[in-house]
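Quick one: the structure is below, and I'll ask about it shortly.
Treat the numbers as computed from the prediction; the structure is a model and nothing was measured. Proteins come first, then strands; the chains are lettered A, B, ... in the order of their sequence lines, and each starts at number 1.
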Number of protein chains: 2
Amino acid sequence: MATIKEVAARAGVAPSTVSRLLNGDPTVRVRPETRLRVLSVAAELNYTPNRAARALRGTRVGALGVALRHLTSPVYAQIFSGAEDAARSADFLLVAIEVDALATDPAALHRFVPGRAVDGLLLQRDGLLADDVVLENVLATKLPFVIVNERVEDPLYGVALDDVRASRMATAHLLALGHVDVAHLAIGGTTRRALDRQEGWQQALSHAGLPAPPEMVAVGGGRPETGYAGMMELLANPVRPTGVVAGTLLAALGALAAIRGAGLQVPDDISVVTHHDSWAAEYASPPLTAVRLPLEELGRRAVQLLIERLDGAPPRQELLTTPEPQLIPRASTAPPRSADRRRPR
Amino acid sequence: MATIKEVAARAGVAPSTVSRLLNGDPTVRVRPETRLRVLSVAAELNYTPNRAARALRGTRVGALGVALRHLTSPVYAQIFSGAEDAARSADFLLVAIEVDALATDPAALHRFVPGRAVDGLLLQRDGLLADDVVLENVLATKLPFVIVNERVEDPLYGVALDDVRASRMATAHLLALGHVDVAHLAIGGTTRRALDRQEGWQQALSHAGLPAPPEMVAVGGGRPETGYAGMMELLANPVRPTGVVAGTLLAALGALAAIRGAGLQVPDDISVVTHHDSWAAEYASPPLTAVRLPLEELGRRAVQLLIERLDGAPPRQELLTTPEPQLIPRASTAPPRSADRRRPR
DNA sequence: CTGAAAGCGCTAACAA
DNA sequence: TTGTTAGCGCTTTCAG
């Protein structure tokens, strides 16, 4: 635990010189010889700047908070993983914060901000809980933040996936297989992400000249239980869908259970396609056809945008279009059992 | 962002008095009147101590690192969730660290320690990657750490679940159903956890007077792919097991896929029981019978033990026995198809 | 009973 | 080209 003083002493220079050298101050002009000596002493002593001292002095503590809910979801885990990677590369720590705590316990957020625990926050909304409360609370603290995984409007900073396109692809896949009665197991709530995914479903149907009747939409939420419930609604429809586009992976798993529970087969009776790829899709039964989106990249970009914001960049809303969404066909989708299922409406 | 000075000024006392008051210094003896005034000013100004300053001054930064791999596993997510909860209660930040980074990039760990990014570390070994390298690296840094989810020996600090008992319960469940050829899809590797789970399987068999032949054990690892591969080995056995005790949940999912792929049915041809309960078990197909263990509690206790260690407590190895492991019966286990499957060996 | 002052390790403004 | 110095906010002796 060498300090800058020790390095300076051993190298025969002043602490400030070491600081400037190590931080790549462009205005520093030392003899190459001196520079070399300082650098080698620093390496030899295994010098690493003390984060607390740096934070106290400067304007940055070197930590980013990421508000988590559903950490247990493999989808969020991928985003998180990308964020961790980007944070590490930029020499920031990634601090996990349970988002419910931010909503229910105002003091929780308060501990992070005036205490300067983190420099900024990655925020995900999921429309199910008190999202707006969280957003308000965070806004009130003036803590810089970036919205992850949802399109947002201009005063905000955000990184999103192309949910409309992904949902369109998922729906088009079913249409191409010959399905006509294609339902949407929606995320629900008021998040842009939820609306976008429904929009994509609708666009694909319109494009094929098909109606998108409201009874073909049920809320499936973001968990297996809610997906199960939503699927049950769809199954009770007078016209039973032969294909379902699930808004979230966990809801899709719930849907599979509901379909099975109703004594029906996937994909023979109903095809299911979901958003987001993961082991949970690959090892579902049957394996789920999915639209793969760059989740890790999403997490990475979000961290990068947040850091840019800390550096003073103006608000920006990024839509991740590369790598492109990719349809991964698996056993959960197939042509509808028979063409004569095309019912009169 | 009020500072201690401002509070002191407004309350008409010295900063040191505020500090002592707010930190509950027992030797402080102020007039009740003064104490009240200071406290109310602090509340009014919304004073929160600056973490960096405190860290710089004191010996603690108020952050714990948790080394993660397989964050994507719902099992680890539960542990993490418990840890976050305990850390928040104790006013510690929880910093996520990708454990592979600790292994492959010595500098990564180095950034955490001499920089005093965290006060301690929660470490999970999974026996699959360079665990020992990580452990050595961490030991070399002298950073206090606690091993999570594995029994360890005395100089170390650790919190573990009762893996032997859990595995015994899982195995006994199959035996009670009438199974005789019960295989173990082992975690593999040299972690105590892996050995304990195998031990539990063996104990249950012995207790029933049954052999535990080596060919009834295959390594299933901790991911669906590895579970799949391990299950394939078991299926190729001359005596095909009618029941399988999976060491991990994700391996169990892979096993389900392997069994399905071989044209066999669960539970008709083979019953599967796994460790750890989660939505992934509940919504597998068929839903997996599982032994539920207190994973969140494990994370919580690990954080608490780590904090105790920071406070100078001597090495301790805790075995979490409450709440007790609980067998959650689901559709993946049933009596063997027919008693005449009791083969001559 | 309370205050003054030093100093944790670092950086940035100012000197030399 | 390099060094000196002040100070970030806090805690903790040591004085009063």
Side-chain angles (χ1 to χ4, degrees), chain A residues 1-39 41-42 45-63 91 111-119, chain B residues 1-39 41-42 45-63 91 111-119:
Chain A
M1 271 205 256
T3 73
I4 201 171
K5 269 189 188 164
E6 288 165 31
V7 174
R10 288 268 289 250
V13 297
S16 53
T17 306
V18 177
S19 171
R20 281 178 289 198
L21 233 36
L22 261 35
N23 291 315
D25 182 340
T27 73
V28 77
R29 310 256 232 94
V30 291
R31 268 192 291 272
E33 170 197 328
T34 311
R35 152 174 277 126
L36 205 64
R37 188 153 32 88
V38 170
L39 259 40
V41 169
L45 259 45
N46 238 317
Y47 170 73
T48 314
N50 179 307
R51 297 185 84 97
R54 192 174 261 186
L56 184 54
R57 184 70 241 268
T59 176
R60 195 169 287 192
V61 303
D91 203 21
R111 267 209 307 281
F112 284 104
V113 185
R116 296 202 42 77
V118 296
D119 297 309
Chain B
M1 268 202 260
T3 73
I4 201 172
K5 269 189 190 167
E6 288 165 31
V7 174
R10 287 268 288 251
V13 297
S16 49
T17 306
V18 177
S19 171
R20 279 179 289 199
L21 235 35
L22 261 36
N23 291 315
D25 182 341
T27 73
V28 77
R29 310 257 231 94
V30 290
R31 267 191 291 273
E33 169 197 329
T34 313
R35 151 174 278 126
L36 206 63
R37 189 152 31 89
V38 170
L39 259 39
V41 169
L45 258 45
N46 236 318
Y47 170 73
T48 315
N50 179 308
R51 297 184 86 97
R54 191 173 262 186
L56 183 55
R57 183 72 242 268
T59 175
R60 194 170 289 191
V61 302
D91 203 21
R111 267 208 306 282
F112 283 105
V113 185
R116 296 201 43 76
V118 296
D119 298 309

**Asked** Whole-Å distance between dC8(D) P and Ile4(B) CD1?
**Response**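 Going from Ile4(B) (CD1) to dC8(D) (P), I get 14 Å.
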
**Asked** Measuring from Asn23(B):CG to Arg54(B):CZ, what's the distance to the nearest 0.5 Å?
**Response**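 So the CG of Asn23(B) and the CZ of Arg54(B) are separated by 5.0 Å.
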
**Asked** How close or far is atom C1' of dT2(C) from atom CD of Glu33(B), stated in whole angstroms?
**Response**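 Rounded to the whole Å, the gap is 14 Å.
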
**Message:** Tell me whether the side-chain N/O atoms of Asn50(A) come closer than 4.0 Å to OP1 or OP2 in dC8(C).
**Reply:**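 Looking at the OP1 and OP2 atoms of dC8(C), neither is under 4.0 Å from any side-chain N or O of Asn50(A).
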
**Asked** How long is the span from the CG atom in Asn50(A) to the CZ atom in Arg57(A), to the nearest 0.5 Å?
**Response**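 Here the rounded value is 14.5 Å.
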
**Message:** Quick check: on DNA chain C, is the nucleotide nearest Arg31(B) upstream (toward 5') of the one nearest Leu56(B), or the reverse? Name the residue that is more 5'.
**Reply:**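 By nearest-heavy-atom nucleotide position, the 5'-most residue is Arg31(B).
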
**Inter-axis angle, terminal five-pair segments of the helix from dC1(C)-dG16(D) to dA16(C)-dT1(D) [nearest 10°]** =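 Computed from the C1' atoms at both ends, the axes differ by 50°.
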
**Message:** Of the options dT4(D), dC10(C), dT11(D), whose atoms approach the side-chain atoms of Ser16(A) most closely?
**Reply:**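 Among dT4(D), dC10(C), dT11(D), the one nearest the side chain of Ser16(A) is dT4(D).
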
**Asked** What is the distance, rounded to the nearest whole Å, between atom CG of Leu45(A) and atom C1' of dG9(C)?
**Response**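 Result: 15 Å.
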
**Item:** Residue Arg20(B), side-chain atoms from C-beta onward, closest of dC10(D), dT13(D), dG9(C)
**Value:**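 When the side chain of Arg20(B) is considered, dT13(D) is the closest of dC10(D), dT13(D), dG9(C).
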
**Request:** Find the distance Arg51(B):CZ to dC8(C):P and express it as a whole number of Å.
**Result:**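 That distance rounds to 23 Å.
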
**Atom pair distance, as rounded to whole Å: CZ in Arg54(A) and C1' in dA12(C)** =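 From Arg54(A) CZ to dA12(C) C1': 14 Å.
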
**Prompt:** What is the distance, rounded to the nearest whole Å, between atom CG of Leu21(B) and atom P of dT11(D)?
**Reply:**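 Those two atoms, CG and P, are 12 Å apart.
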
**Distance, nearest 0.5 Å, that separates CZ of Arg51(A) from CZ of Arg60(A)** =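 Here the rounded value is 11.5 Å.
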
**Message:** If I take atom CZ in residue Arg37(A) and atom P in nucleotide dT2(D), what distance separates them, rounded to the nearest angstrom?
**Reply:**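 The answer, rounded to whole Å, is 9 Å.
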
**Item:** Atom of Val61(B), atom of Ala117(B) and distance for their closest heavy-atom approach
**Value:**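 Heavy atoms only, the tightest pair is CG2-O, 3.5 Å.
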
**Message:** Could you go through Arg10(A) and Val18(A), starting from their C-alpha distance and side-chain angles, then the distance that decides it, and tell me whether this counts as side chain to side chain contact (heavy atoms under 4.5 Å, CB included)?
**Reply:** CA-CA 11 Å; Arg10(A) 288 268 289 250; Val18(A) 177; over 6 Å; no

**Request:** Mark yes or no for a side-chain to base donor-acceptor pair under 3.5 Å between Ser19(B) and dT12(D), with no hydrogen or angle criteria applied.
**Result:**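 No such pair is found, so the answer is no.
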
**Item:** Verdict with reasoning, Val7(A) to Val13(A), per side chain to side chain contact (heavy atoms under 4.5 Å, CB included)
**Value:** CA-CA 8 Å; Val7(A) 174; Val13(A) 297; over 6 Å; no

**Item:** Residue whose nearest DNA chain D nucleotide is more 5′ - Ala53(A) or Thr17(A)
**Value:**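 Taking each residue's closest nucleotide, the earlier one in sequence belongs to Thr17(A).
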
**Request:** Provide, to the nearest angstrom, the distance between the NZ atom belonging to Lys5(A) and the P atom belonging to dG7(C).
**Result:**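 Taking NZ of Lys5(A) and P of dG7(C), I get 9 Å after rounding.
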
**Request:** Look up atom CG in Leu21(B) and atom CD1 in Ile4(B), then write down how far apart they are to the nearest 0.5 Å.
**Result:**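 So the CG of Leu21(B) and the CD1 of Ile4(B) are separated by 10.0 Å.
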
